[in-house]
Every structure is written in C-alpha cells, then in structure tokens.
Asker: 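The structure's right below; bear with me while I get my questions together.
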Amino acid sequence: MKDQLENIKDLSNIAKDLRLDILDMTTKAGSGHPSSSFSAVEILTALFFTGILNYRPQDPWWPARDRFIMSKGHAAPLLYAVLAKAGYFDKQLLGQLRQLNSPVQGHPIQGMLPGVEATTGSLGQGLSLGLGHILGSRINQLDYRVYVLLGDGECEAGQIWEAAMAAAHFKANRLTAILDYNKYQETGPISREMALEPLRAKWESFGWQVKEVDGHNLLELVETLTATKESVDGPVIIIAHTVKGRGVSFVEADFTFHGKALNPQQAEQAREEILCQ
Ligand SMILES: Cc1ncc(C[n+]2csc(CCOP(=O)(O)OP(=O)(O)O)c2C)c(N)n1
Ligand SMILES: [Mg+2]
C-alpha cells in the first residue's frame, strides 16, 4: 500500500510537470489549446509512465510497440510534452511549438517526430486509424495493443460511430478507446451543441465493453487500464470523466480558453496554482 501511494505521488509529480510544460509551450507560442491538453494529463500519465504502454523511445518504430493515437489532435501540446518526458526527443524542442517548419506543429504530423503515430487534428479519424493498426497486426502476426484518445465533442463526428461499429464487428480485442469526457467542445457545452447522452448505452449498443472512471484519479486510471489489458471480449472504451482546463481555476471556469493561450500574467497565476497542487 505504501509503495502504491509513493508511486501515485511520483505520477502526480509527472502530471504537474506536464501541465507546466503545456503552459510554457502555449504561452510562448501565444496560441494553441491549453485547456484541452490539461484535461487529459492524468490519462496520459497513467498510460505512458506506469509500464502499461509498451514502447521504446530509442527504437520508436519497433514493430511490436503498442500504438497510442491522439485522435483529439488539438491536444498536441500534451502529446509533445509526454513524448519529451518519455525520452523520444529533447525537451528543448517544446519551445518551438507552432513555429514555421518546426516538427512540433499545432497538430501532430506523423513522420515529423518519433512517437507520433498519426496525423490528427481533423477530428473523428483516430479510431478508424487505431482499428486499422489492429487489423494490420493480424496480418503481421503481432499482438500489440492500440490506445486511442477521443474528445467528447469529437464523438459528434459520424466517422467515430462507423469505426465503433467496425471494431465490434471485427472483435478488436486489443483496441482501447479512452474518452476525455470533459463535457465541452469548442463552442460550448456538449449537452447544448449536440447531446451525447446516454453515452454508455450508445457504446454498449455498438458492442463495446464500457468502463467509467474519474479521469483525474491516477489510481483509478492505472487500475482500469491494467485490467483492460487482459480483456479479450471485444473493444473497450474507458469513459474518463474530466474537467476541461483541469488544474487552473480560471481556465476551468471559462470554456472560451479552448483555442486560446494564457497571456504572460495569467500564465504566472496558473503556474502558482499548478505548483501548489
Ligand atoms: C473535423 C473537424 N471539425 C471541426 C474541428 C474544429 N475543432 C477543433 S477542436 C474542436 C472541439 C473538440 O472538442 P472535444 O473533442 O470535446 O475536445 P476538447 O478540446 O474538449 O478536449 C473543434 C470543433 C476540427 N478540428 N475537425
Ligand atoms: Mg471536450
């Protein structure tokens, strides 16, 4: 139990570092999506820094690696911060976010950076790509797992549901979707823009196993992701209840931070809040 608590404390510190990196990158760039990135910090911390995701930063295209696809590609600052921390490239690169010709563009581009498995940003495509990796693994006789991070606004896209239907049809056991269910998309609350509920029932009716977690509770995330690794009963979606902008009070309170960086003064206030957590 003591070890477990210490591990969670280490993970919390990683999450804190990631939030600070996201803040620095987007404030320096003067644009980007800090609130969408903050929302999924614990989800990616639990996946990348616990041994759940099987990867080799020194051999990034190792054929048997697990795949992680950031389908909500506008959360690129989070992906880049995670990949740098995992050792795929030097952290210095984060300072080039959104600069012309830099490999850390506003949305991830496959082939420009080790660890970026898919070009995303046009929402709705990542689950189809993930399923493609699973079907490819059957041809290549590999048994890697595929994880896809989806946004809730993204689930308003029809392609998500085509992929959901196909994944169940093909009994994609090693496919895990994680839904960053922060209840907001770009222009307002999901319930107003295009209601998704009853969401659990929708995924179940498409033939998926559904698990629900508090998406900021590292212990719950680690336990659920670990249990999911053993699952052989079709594709799994983990609905992670989150708060958009998590970690910075005035960003949590204002959804218009969606595609907007904090100004230097706001960033100082945010830094203090993050450091106190
Ligand atoms: C196909 C497509 N339509 C619209 C957009 C513009 N857009 C970017 S982010 C976003 C909202 C996404 O909301 P959500 O999936 O809930 O992500 P969050 O930022 O809340 O994590 C929209 C509509 C896009 N990138 N791609
Ligand atoms: Mg959302």
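Throughout, numbering of the chain's residues begins at 1 and tracks the sequence. Quick note: numbers below take in every heavy atom, side chains included, and nothing from hydrogens, waters or symmetry partners.
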Asker: Can we say D59 and R65 salt-bridge, meaning some charged N sits less than 4.0 Å from an Asp/Glu carboxylate O?
Answerer: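 Not counted as a salt bridge, because no side-chain N and carboxylate O are separated by less than 4.0 Å.
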Asker: Which is it for F68 and F48 under the ring-ring contact (aromatic ring centres under 6.0 Å, His included) test, yes or no, and what are the steps along the way?
Answerer: CA-CA 9 Å; F68 170 74; F48 273 80; 5.6 Å; yes
Asker: Do the side chain of W161 and the main chain of C155 share a donor and acceptor less than 3.5 angstrom apart?
Answerer: yes
Asker: When you compare the side chain of Y80 with that of P108, does any pair of heavy atoms fall below 4.5 Å?
Answerer: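 Result yes, sub-4.5 Å side-chain heavy-atom pair found.
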Asker: Does any non-hydrogen side-chain atom of V41 lie less than 4.5 Å from one of I22?
Answerer: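 Yes - at least one pair of side-chain heavy atoms lies under 4.5 Å apart.
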Asker: Do Y147 and D66 have side-chain heavy atoms sitting under 4.5 Å apart?
Answerer: yes
Asker: With side chains defined as the heavy atoms from C-beta onward, is the minimum distance between K244 and F255 less than 4.5 Å?
Answerer: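 With C-beta onward as the side chain, the pair stays apart.
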Asker: Can R271 and D24 be counted as an ion pair, charged N to O under 4.0 angstrom?
Answerer: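 A salt bridge is present here (some side-chain N lies under 4.0 Å from a carboxylate O).
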Asker: Only one of L150, V210, D152 passes side chain to side chain contact (heavy atoms under 4.5 Å, CB included) with I239; say which it is.
Answerer: V210
Asker: Tell me which one of I237, L135, V148 satisfies side chain to side chain contact (heavy atoms under 4.5 Å, CB included) with L175.
Answerer: V148
Asker: Go through the side-chain N and O atoms of D233 and S231 and say whether any donor and acceptor fall under 3.5 Å apart.
Answerer: no
Asker: Does K183 qualify as a cation-pi partner of Y181, given the criterion of NZ or CZ under 6.0 Å from the six-membered ring centre and within 45 degrees of its axis?
Answerer: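 Positive - K183 is close enough to the ring of Y181 and near enough to its axis.
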Asker: Does any non-hydrogen side-chain atom of Q99 lie less than 4.5 Å from one of K28?
Answerer: yes
Asker: Could you tell me whether R19 and E42 have a side-chain N and a carboxylate O separated by less than 4.0 Å?
Answerer: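 A salt bridge is present here (some side-chain N lies under 4.0 Å from a carboxylate O).
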Asker: Nearest 0.5 angstrom please: T26 OG1 to F257 CZ, how far?
Answerer: 10.5 Å
Asker: Do M25 and P34 have side chains that get closer than 4.5 Å, going by heavy atoms?
Answerer: no
Asker: Counting only N and O atoms by type, is there a donor-acceptor contact under 3.5 Å from the side chain of E252 to the main-chain atoms of V243?
Answerer: no
Asker: Tell me if a side-chain donor or acceptor on Q185 pairs with a main-chain N or O of I190 at a distance below 3.5 Å.
Answerer: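 Absent.
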Asker: Compare all side-chain heavy atoms of V146 with those of E117 and state whether any distance is below 4.5 angstrom.
Answerer: no
Asker: Begin with the C-alpha distance, continue with both residues' side-chain angles, and end with the deciding distance and a verdict on side-chain contact (heavy atoms from CB on, under 4.5 Å) for H74 and H107.
Answerer: CA-CA 5 Å; H74 57 288; H107 297 78; 3.7 Å; yes
Asker: Would you say the side chain of S36 lies within less than 4.5 Å of the side chain of H258, judging by non-hydrogen atoms?
Answerer: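 Yes, at least one pair of side-chain atoms sits under 4.5 Å.
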Asker: Quick one: pull up CG in L78 and OG in S39 and give me the separation to the nearest 0.5 Å.
Answerer: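 Answer for the CG-OG pair, L78 versus S39, is 9.0 Å.
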